[in-house]
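What follows is one structure encoded as structure tokens, with my remarks underneath.
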Number of protein chains: 2
Amino acid sequence: MFKRSPSLAEQVKFHLKQRILDTDFDKDRIPSETVLAQELNVSRNTVRDALSRLEMEGIVIRKQGAGTFVNRNVRLVKTRLEEIIPYEEMILAHGCKPAVDLLSVKKTQPDEQCAAQLNLNATDEVLSIEKLFGADDQPVIYSITFIPTKIIAEPYTKEDAIPPVYQFLPQFCRQSFAYYLSDIVPLVATPGLRQILHLPPRKLALLSFEEIGFNRDNEPIVKAISYFRDDLLRLRLIRRDTG
Amino acid sequence: MFKRSPSLAEQVKFHLKQRILDTDFDKDRIPSETVLAQELNVSRNTVRDALSRLEMEGIVIRKQGAGTFVNRNVRLVKTRLEEIIPYEEMILAHGCKPAVDLLSVKKTQPDEQCAAQLNLNATDEVLSIEKLFGADDQPVIYSITFIPTKIIAEPYTKEDAIPPVYQFLPQFCRQSFAYYLSDIVPLVATPGLRQILHLPPRKLALLSFEEIGFNRDNEPIVKAISYFRDDLLRLRLIRRDTG
DNA sequence: CAGTGGTCTAGACCACGGG
DNA sequence: CCGTGGTCTAGACCACTGG
């Protein structure tokens, strides 16, 4: 029934997700793990793996002794912070038409903080990429990305900077991407930001992400700052008791 | 070597965490899963379970074919948003002395939004609990919690409101607590908030959490709003590629 | 090539929930 | 009490990394 790659568990997860959307389970109750395992012809562990992922996303609630149930609340969760997803997808998940506008791509001298965060010398330069993301033709995210020029290994064009950085890095820098260390910072929009994001007069505060990206050798390879219209792009997440 | 409860995997995780702090592994490399399984006399799956949790916390990095390594960067992560932890612990993790000040406990009429979020009728009241958390005697978090009075089943005193709500609920409301659905919202501090949190003149923006808590039957049972001094209590997290 | 982590299986026992 | 999810085991094969 299933092939390998992506993993069986991932396929089972996808299958169940679809079934949850399509099917009306009795009282939102999902068949037991044993039954699912037999139906899908995989081991119970694999089913459990898939269900665990769905539970992490809040799509499903498990109760020992009772069963596994669909969580109808969590259609409200549009973004899962722990996962990196392209901003276009985030905008799509909010039901809007995404757009990307590449504002600029240029080599610059990093400021002191940025140089320190990326372990750069005084003479090292960075490639700075400015983008503006729109949702239904309204600007919602403004981001600046800094990549040390010394790690860029392949020739690139402006257009190559449009996709997410973590695709640029493997492609043009021969760098793996492992994870972001992200700070969530609130701020009062500066006049410059107000103009770029077309903020209405009443909208004063913005949310920003300040992120340092690391490769699999745990070396910092990219810095990114993103400013969000939190009123248009809700940042919502699920929090659980001590896992 | 280990007892059961908490789970073996949890104990192994704890054991490894200690060992990471105490031991200097060669080039930060942790023994292989097979070796650990033999040493600790548990199955490799259990070791993997423990390592997966450490990896989620960013404490460890795994590389297929190469090994598992300590991540020395992630001492910087003070808060894991996906997990609910008492604010006192969060403050402790920042290296500060935590304090709780119970500002008020009183029955009130919920506003329209709150009533809708908690599925309340027009006549239902809520117990509102105001707290102020300090770090090294400096106020850093101000929180208000709303619990529908109709679910309160046991007599309580003011002091019972000091611990986290998700302890109050099982104890006095016979309610299980399953998860929070949390919105992250930036805002410009109002004069009232400025006074409560003793904000310095330059500090304009605050971070707030607007959370609805659900029980295991997926019914909303509590609303909480928290305002953070993000400059004193850094909100930092690890983001990975699509799990 | 040997050794690592990644995935999957089949089977066992436990703890809990609801009838 | 039975059926559910929670935990653990032993063993297998794969994919990848590094020397």
Side-chain angles (χ1 to χ4, degrees), chain A residues 1-13 16 25-56 60-71 170 174 176 178 215-218 240-243, chain B residues 1-13 16 25-56 60-71 170 174 176 178 215-218 240-243:
Chain A
M1 164 131 193
F2 294 116
K3 301 177 266 186
R4 84 160 44 97
S5 167
S7 72
L8 263 188
E10 202 59 42
Q11 294 173 69
V12 171
K13 174 190 152 188
L16 290 174
F25 294 107
D26 182 42
K27 288 188 298 176
D28 279 346
R29 186 189 188 148
I30 289 177
S32 81
E33 298 177 347
T34 318
V35 170
L36 285 175
Q38 288 168 350
E39 277 183 20
L40 303 177
N41 199 28
V42 297
S43 80
R44 194 187 144 208
N45 278 345
T46 302
V47 171
R48 279 187 61 72
D49 197 339
L51 285 173
S52 297
R53 301 179 198 205
L54 290 175
E55 187 183 32
M56 291 232 295
V60 131
I61 295 181
R62 298 205 268 194
K63 299 187 215 177
Q64 178 169 147
T68 304
F69 303 83
V70 178
N71 183 355
R174 297 184 196 134
S176 62
N215 64 16
R216 285 202 231 288
D217 292 326
N218 216 16
R240 299 201 141 72
D241 211 345
T242 55
Chain B
M1 165 135 194
F2 294 116
K3 302 176 267 185
R4 86 161 41 99
S5 167
S7 73
L8 263 187
E10 201 59 41
Q11 294 172 70
V12 172
K13 174 189 153 189
L16 291 174
F25 293 109
D26 181 43
K27 288 189 299 175
D28 279 347
R29 186 191 189 147
I30 288 177
S32 80
E33 299 177 347
T34 318
V35 170
L36 285 175
Q38 287 167 351
E39 278 183 20
L40 303 177
N41 200 29
V42 297
S43 80
R44 193 187 145 209
N45 279 344
T46 303
V47 172
R48 278 187 61 72
D49 197 340
L51 284 173
S52 298
R53 300 178 198 206
L54 290 176
E55 188 183 31
M56 291 234 295
V60 130
I61 296 182
R62 298 205 270 195
K63 299 187 214 177
Q64 177 168 149
T68 304
F69 303 82
V70 177
N71 183 356
R174 296 182 195 136
S176 62
N215 63 16
R216 285 203 231 286
D217 292 326
N218 216 15
R240 296 200 144 74
D241 209 346
T242 54

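Numbered from 1 within each chain, the chains take letters A, B, ... in sequence-line order.
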Subject >> Working for side-chain contact (heavy atoms from CB on, under 4.5 Å), residues F25(B) and V70(B) >> reply: CA-CA 9 Å; F25(B) 293 109; V70(B) 177; 4.1 Å; yes
Original post:
Would E33(B) and L51(B) count as a side-chain contact (heavy atoms from CB on, under 4.5 Å) if you check the C-alpha gap in whole Å, the side-chain angles of each, and the deciding distance to 0.1 Å?
Top reply: CA-CA 9 Å; E33(B) 299 177 347; L51(B) 284 173; 3.7 Å; yes
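Comparing atom distances between the R62(B) side chain and each of dG5(C), dT9(C), dG5(D) picks out dG5(C) as nearest. Closest to the side chain of R44(A), from the set dT7(D), dT4(C), dT9(C), is dT7(D). The S7(A) side chain lies nearest to dT7(C) when the options are dG5(C), dT7(C), dT9(D). For S43(B), whose side chain is taken as the heavy atoms from C-beta onward, the closest listed nucleotide among dT9(D), dC8(C), dG5(C) is dT9(D). Closest approach to the R48(B) side chain among dG11(C), dG6(C), dG6(D) is made by dG6(C) (side chain taken as heavy atoms from C-beta onward). Nearest to the side chain of T46(B), among dG5(D), dT4(D), dT9(D), sits dT9(D).
Although no hydrogens or angles enter the test, the distance criterion places no donor-acceptor pair under 3.5 Å between the side chain of T68(A) and the main chain of I30(A). A donor-acceptor contact shorter than 3.5 Å links the side chain of R29(A) to the backbone of A66(A).
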Short N/O separations, protein against nucleotides 16-19 of chain C, under 3.5 angstrom:
| unit_1 | atom_1 | unit_2 | atom_2 | d |
| --- | --- | --- | --- | --- |
| dC16(C) | O4' | Q64(A) | OE1 | 3.1 |

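If you take CD of Q38(B) and P of dG3(C), they are 13 Å apart, rounded to a whole angstrom. Atom CG in D28(B) sits about 17 Å away from atom C1' in dT4(C), given to the nearest Å. For the pair L40(B) CG and dC8(D) C1', the interatomic distance rounds to 14 Å; values are reported in whole Å.
Residue contacts for T34(B): at a heavy-atom cut-off of 4.0 Å it reaches no nucleic acid atom on any strand shown.
Side-chain atoms of S43(B) and R48(B) include no donor-acceptor pair closer than 3.5 Å.
Side-chain contact check for K13(A) versus S52(A): every heavy-atom pair is 4.5 Å or farther apart.
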